[in-house]
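Below: one structure, written as structure tokens.
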Amino acid sequence: MINETIKKAIQTNSEELTDIRRKLHSEPELSWEETETTAFVCKYLDSLSISYYKTQPTGVIATIEGGKPGKTVALRADMDALSVEELNKELPYTSKFEGKMHACGHDAHTAMLLIAAKALNEVKDDIPGNVRLIFQPAEEVAQGAKEMVKQGAMDGVDHVFGIHIWSQMPTHKVSCQPGPSFASADLFKVTFKGRGGHGAMPHACIDAAIVASSFVMNVQSVVSRTIDPQSPAVLTIGKMVVGTRFNVIAENAVIEGTVRCFDQSTRNHVETQLTHYAEQVANLYGATAQVEYIRGTQAVDNNKESAQLVQKVAAAAFGEEVLYPEKPTMGGEDFSEYMNEAPGSFALVGSGNPEKDTEWAHHHGKFNIDEEALTTGAELYAQFAWAYLNQ
């Protein structure tokens with residue numbers, strides 16, 4: 001199951017792997033702006049003579065053609081950074097750009113997949129099939145995967161595999177459980193309209209601030225009282241804008257939030273109930289409500305056979321002790337778009353190490369990774385592709 005040439009190649013190129021990750025970390029680019037990262041990936045693939053084409057406006061789709069006939073397995077890495085100010089100013093590879101940071105590990109994903117490609121390229125004559133390499137933009141805005149699929153990333157692909165560095169797990173640990181892994185992530189916006197007026201004459205008005213406050217304080221009952229407790233869901237209000245001036249009763253209020261869950265029926269139920277609740281609260285006060293509910297990413301649901309193969313590969317490559325039963329997260333991931341096209345799985349590779357201060361949450365300004373995890377991720381990418389195609 002494990003290819004020793006691949007393992008040796010990953011170890012031999014471990015220093016280069018770290019250098020690539022640090023370069024990408026110091027030069028973060030936001031979603032749909034990954035022009036320099038795209039150029040770097042292309043240049044690296046050119047050095048390996050791996051065929052590819054650039055997607056628009058950013059991103060790369062490449063293919064390693066094996067020397068024997070067989071299936072096609074896709075490996076995906078995302079490339080975009082976040083609009084977060086890096087607080088790790090002491091690092092020699094800290095972000096060069098104010099307000100931009102690789103605060104979620106996508107720099108590591110790209111570096112790992114490049115070195116995995118280098119290792120796979122060394123054994124390409126023995127590969128029964130093809131390996132598709134997907135370097136994806138705009139994961140952080142939940143748009144990149146859908147666009148990559150439109151531009152051919154999954155054409156002819158039989159199976160798909162992805163990795164996410166995970167600071168909440170110890171370094172080197174690998175988790176890939178069958179079933180739900182990441183939640184669906186939807187957005188909603190509720191606009192309440194009342195009747196404004198002077199703060200001294202509330203009887204002549206319909207106070208949108210009161211309407212909105214009632215909604216915020218009580219909407220959690222949609223989750224706590226209308227959903228089966230064994231079907232997890234999270235409803236979060238993240239933004240509330242009400243009124244214009246201290247002595248003017250608010251005519252309008254705008255509330256924005258997100259809904260996370262794993263089950264499609266739960267997702268449908270929350271959307272229906274949230275709309276119903278907003279309308280009823282508005283009616284109670286004589287106001288009106290307009291609800292916009294935007295479906296974001298779908299839940300990432302690992303195929304059983306695929307997840308089991310990941311576990312077997314990880315155990316064979318690194319030892320049984322590497323396996324870690326990480327619980328599903330309510331975080332969102334657009335990797336689900338690829339799984340609409342072919343079965344697959346999405347693994348987590350631990351990078352949390354308290355001695356290196358790498359246990360900060362993803363999207364935090366202090367986020368960083370234990371770089372010893374890079375070789376684990378790179379080898380898992382390559383060995384999974386090898387194992388799948390040699391089944």
Side-chain angles (χ1 to χ4, degrees), residues 6-31 33-52 54 58-62 64 75-82 86 88 91-97 100-122 124 131-137 139-140 144 161-167 171-172 347 349-351 353 356 358 362 367-385:
I6 289 175
K7 178 175 283 291
K8 183 178 179 180
I10 298 295
Q11 294 302 322
T12 299
N13 294 289
S14 61
E15 186 174 335
E16 181 185 17
L17 172 55
T18 300
D19 289 343
I20 292 173
R21 182 261 164 170
R22 291 186 175 191
K23 171 183 169 56
L24 296 174
H25 187 89
S26 69
E27 302 171 356
E29 295 178 297
L30 302 182
S31 300
E33 299 176 5
E34 310 92 337
T35 53
E36 293 302 318
T37 306
T38 295
F40 177 80
V41 169
C42 291
K43 184 177 180 180
Y44 196 87
L45 294 174
D46 282 334
S47 73
L48 301 175
S49 298
I50 295 175
S51 62
Y52 65 86
K54 290 189 285 187
T58 51
V60 184
I61 297 172
I64 299 174
L75 305 176
R76 175 269 208 163
D78 38 16
M79 307 190 301
D80 53 330
L82 286 153
E86 178 146 29
N88 301 312
L91 295 176
Y93 51 89
T94 191
S95 173
K96 297 177 182 178
F97 307 127
K100 298 180 183 180
M101 177 194 174
H102 269 293
C104 203
H106 297 187
D107 52 340
H109 304 163
T110 301
M112 293 187 307
L113 187 53
L114 285 173
I115 294 301
K118 187 173 187 177
L120 286 164
N121 205 45
E122 287 190 21
K124 66 179 180 180
V131 181
R132 180 72 46 79
L133 308 169
I134 303 171
F135 295 91
Q136 179 202 312
E139 187 280 329
E140 294 293 357
F161 176 59
I163 291 176
H164 207 301
I165 282 287
W166 208 240
S167 65
T171 301
H172 295 309
V349 171
S351 66
N353 185 338
K356 297 182 179 181
T358 61
H362 292 250
F367 177 84
N368 196 13
I369 69 166
D370 182 351
E371 292 177 324
E372 290 186 19
L374 292 171
T375 53
T376 303
E379 184 172 352
L380 185 60
Y381 267 134
Q383 296 286 13
F384 178 85

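Residues forming a ring pair (Phe, Tyr, Trp, His ring centres under 6.0 Å) with Phe40 (at least two apart in sequence, or on another chain): none. Residues passing the side-chain contact (heavy atoms from CB on, under 4.5 Å) test with Ala382, sequence neighbours excluded: Ile6, Ala116, Leu120. In terms of the salt bridge (charged side-chain N to carboxylate O under 4.0 Å, His left out) criterion, Lys54 has no residue partners (sequence neighbours excluded). Taking His25 as the reference, Tyr93 meet the ring pair (Phe, Tyr, Trp, His ring centres under 6.0 Å) condition, with sequence neighbours excluded. For Glu371, the side-chain hydrogen bond (donor to acceptor under 3.5 Å, both in side chains) criterion is met by Arg21, Arg22, not counting sequence neighbours. Evaluation of the side-chain hydrogen bond (donor to acceptor under 3.5 Å, both in side chains) rule for Thr375 yields no partner, not counting sequence neighbours. Remark: Lys7 engages Glu379 in a side-chain hydrogen bond (donor to acceptor under 3.5 Å, both in side chains) (not counting sequence neighbours). Listed by chain and number, the residues in a ring pair (Phe, Tyr, Trp, His ring centres under 6.0 Å) with Phe367 are His362 (sequence neighbours excluded). Residues that satisfy the side-chain contact (heavy atoms from CB on, under 4.5 Å) test with Ala62, not counting sequence neighbours, are Leu45, Ile50, Tyr52, Leu133. Taking Thr12 as the reference, Lys8 meet the side-chain contact (heavy atoms from CB on, under 4.5 Å) condition, with sequence neighbours excluded. Asn13 meets the side-chain hydrogen bond (donor to acceptor under 3.5 Å, both in side chains) test with Lys118; sequence neighbours excluded. With sequence neighbours excluded, the residues that form a side-chain contact (heavy atoms from CB on, under 4.5 Å) with Glu27 are Lys23, Lys96, Phe97.
The two atoms that bring Thr58 and Glu33 nearest to each other are CG2-C, 4.3 Å, heavy atoms only. Here the closest heavy-atom approach between residue Ala119 and residue Ile10 is recorded as CB-CD1, 3.8 Å. Here the closest heavy-atom approach between residue Ile163 and residue Gly377 is recorded as CD1-O, 3.3 Å. Pro137 and Met79 make their closest contact through N-CE, 4.2 Å (heavy atoms, listed as atom of the first residue, atom of the second, distance).
Between Ile115 and Tyr381, the closest side-chain pair of non-hydrogen atoms is not below 4.5 Å. Using a 4.5 Å cut-off on side-chain heavy atoms (C-beta onward), Glu16 and Ile20 make contact.
Looking at Ser167, its side chain never comes within 3.5 Å of a backbone N or O of Thr358 through a donor-acceptor pair. Of the possible donor and acceptor atoms, none in the side chain of Glu139 sits under 3.5 Å from a partner among the backbone N and O of Asp78. A side-chain donor-acceptor contact under 3.5 Å links Glu29 to the backbone of Glu36. Formation of a donor-acceptor pair under 3.5 Å by the Asn121 side chain with backbone atoms of Leu48 is found in this model. When atom types are taken as modelled, the side chain of Asp80 and the backbone of Glu140 share a donor-acceptor pair closer than 3.5 angstrom. Here the side chain of Thr110 pairs no donor or acceptor atom with the backbone of Asp107 at under 3.5 angstrom. With Thr171 contributing its side chain and Ala373 its backbone, the two residues share no donor-acceptor pair below 3.5 Å.
Aromatic ring orientation, Trp166 versus His164: perpendicular (interplanar angle above 60°, classes split at 30° and 60°).
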